[in-house]
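Values in this document were obtained by computation on a predicted structure and should not be read as measured data.
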Amino acid sequence: MFDFEKLNVYKKAKSFNSEIRTFIKEVKLDPTTTDQLRRAAFSIVLNLAEGAGRFSKADRRNFFVIARSSLFECVAILDVLKGESLIDQQKFDHFYASAEEVSKMIFAMIKNLQ
C-alpha cells in the first residue's frame with residue numbers, strides 16, 4: 001500500500017470524485033462543463049497522491065495547494081450549475097459539505113508544511 005492511500009483526506013477526495021462522476025452520468029451537461037468538472041474532481045485525488053510522494057515540504061505543499069484549488073473549481077462549477085437549475089439544492093448542499101470537509105483537511109496539511 002502506498003502512503004497516500006492511508007490518508008483520510010485522500011479517501012474522502014476519492015469518494016468526492018466518485019460522486020461527481022456519478023452525478024455527471026445522471027445529468028445532461030454540455031461537454032465542456034462535463035469535462036471540466038470531471039477533470040477538476042480527478043485533479044484533487046491525483047495532486048494529493050503526487051504531493052504525498054514528494055520529499056521536500058515545498059514540493060508537497062505545492063501539490064496540496066493545487067489539489068485545494070481544484071476543489072474550489074469544482075465548487076464554483078457546481079454553484080454555476082445550481083444557478084442554472086441543473087443541480088438541485090439538496091445535491092448541491094451535499095457536494096458543498098463534502099468539499100468543505102476536504103478543503104479543511106487539505107488546508108491543515110498545507111499549514112503544517114510551512
Side-chain angles (χ1 to χ4, degrees):
M1 178 176 269
F2 291 93
D3 287 342
F4 68 85
E5 293 177 286
K6 300 173 191 171
L7 298 172
N8 283 334
V9 68
Y10 175 80
K11 293 173 187 174
K12 290 184 183 291
K14 197 169 117 178
S15 176
F16 181 81
N17 178 61
S18 178
E19 289 182 16
I20 289 290
R21 285 179 178 268
T22 299
F23 168 72
I24 288 169
K25 289 176 187 173
E26 294 171 350
V27 178
K28 181 75 172 152
L29 302 174
D30 66 88
T32 303
T33 303
T34 296
D35 184 57
Q36 195 66 31
L37 183 55
R38 181 183 49 78
R39 290 171 48 137
F42 198 30
S43 175
I44 302 162
V45 177
L46 297 179
N47 279 290
L48 287 171
E50 190 165 356
R54 296 301 172 133
F55 292 105
S56 76
K57 284 185 177 184
D59 271 353
R60 283 196 308 273
R61 185 177 186 276
N62 183 54
F63 281 97
F64 296 158
V65 167
I66 293 168
R68 191 164 180 258
S69 297
S70 293
L71 182 65
F72 283 19
E73 185 177 352
C74 289
V75 172
I77 293 167
L78 293 167
D79 187 44
V80 169
L81 294 177
K82 184 182 73 165
E84 295 174 355
S85 300
L86 294 171
I87 184 173
D88 64 50
Q89 187 67 47
Q90 183 180 4
K91 188 67 131 175
F92 176 82
D93 290 345
H94 171 74
F95 282 131
Y96 193 92
S98 295
E100 194 168 37
E101 180 181 19
V102 172
S103 175
K104 288 177 182 178
M105 294 171 85
I106 297 172
F107 182 76
M109 292 168 68
I110 292 167
K111 289 302 260 182
N112 286 334
L113 293 171
Q114 289 188 3

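With hydrogens and angles ignored, the 3.5 Å screen pairs no side-chain donor or acceptor of R60 with any backbone N or O of G53.
Expressed to the nearest 0.5 Å, how far OG1 of T33 lies from CG of L86 amounts to 8.5 Å. Annotation: the span from N62 atom CG to E50 atom CD amounts to 9.5 Å, rounded to 0.5 Å. Expressed to the nearest 0.5 Å, how far OG1 of T34 lies from NZ of K28 amounts to 7.5 Å. Note that NZ of K6 is 10.0 Å distant from NZ of K11, once rounded to the nearest 0.5 Å. Between C74 atom SG and Y96 atom OH the span is 13.5 Å, to the nearest 0.5 Å. Between atom NZ of residue K104 and atom CG of residue L71 there is a gap of 12.0 Å, rounded to the nearest 0.5 Å.
Here F23 pairs with F95 under the ring pair (Phe, Tyr, Trp, His ring centres under 6.0 Å) rule; sequence neighbours left out. By the side-chain contact (heavy atoms from CB on, under 4.5 Å) test, D35 is found to be paired with R38, R39, residues two or more places apart in sequence or in another chain being considered. Under the ring pair (Phe, Tyr, Trp, His ring centres under 6.0 Å) criterion, F2 pairs with F4, not counting sequence neighbours.
Across all their heavy atoms, I110 and R61 have their closest contact at CG2-NE, 3.7 Å. In plain terms, the two heavy atoms of L7 and A52 that are nearest each other are CD1-CB, 4.4 Å. Of all non-hydrogen atoms in N47 and I66, the two that sit nearest each other are ND2-CG2, 3.4 Å. Of all the heavy atoms in V75 and A99, the pair that sits closest is CG2-CB, 3.5 Å.
Side-chain contact between V9 and I106: present, with at least one pair of heavy atoms (C-beta onward) separated by less than 4.5 Å. Using a 4.5 Å heavy-atom threshold, the side chains of L48 and F64 count as touching.
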Could you give me the CA-CA distance, side-chain angles and deciding distance for K12 and F16, then say whether side chain to side chain contact (heavy atoms under 4.5 Å, CB included) is met?
-> CA-CA 6 Å; K12 290 184 183 291; F16 181 81; over 6 Å; no
Can you list the steps and then say if L78 with L37 is a side chain to side chain contact (heavy atoms under 4.5 Å, CB included)?
-> CA-CA 8 Å; L78 293 167; L37 183 55; 4.3 Å; yes
Could you go step by step and tell me if E73 and Q36 meet the side chain to side chain contact (heavy atoms under 4.5 Å, CB included) rule?
-> CA-CA 9 Å; E73 185 177 352; Q36 195 66 31; 2.4 Å; yes
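Applying the salt bridge (Lys or Arg N to Asp or Glu O under 4.0 Å) definition to pairs two or more places apart or across chains, those involving residues 74-99 are D79-K82. Residue pairs that meet the side chain to side chain donor-acceptor pair (under 3.5 Å) test with at least one member in residues 16-27, sequence neighbours left out, are E19-H94.
Neither M105 nor F107 shares a network with the other; the hydrophobic side chains, linked directly or stepwise wherever heavy atoms of I, L, V, M, F, W or Y lie under 4.5 Å apart, form separate groups for each. V45 and F63 fall into different hydrophobic clusters, where Ile, Leu, Val, Met, Phe, Trp and Tyr side chains are chained together by heavy-atom contacts under 4.5 Å.
Hydrophobic cluster membership of L46, counting Ile, Leu, Val, Met, Phe, Trp and Tyr whose side-chain heavy atoms lie under 4.5 Å apart directly or via other members: F42.
Residue Q90 places its CD atom among 12 or fewer non-hydrogen atoms of other residues, nucleotides or ligands, all under 6.0 Å distant.
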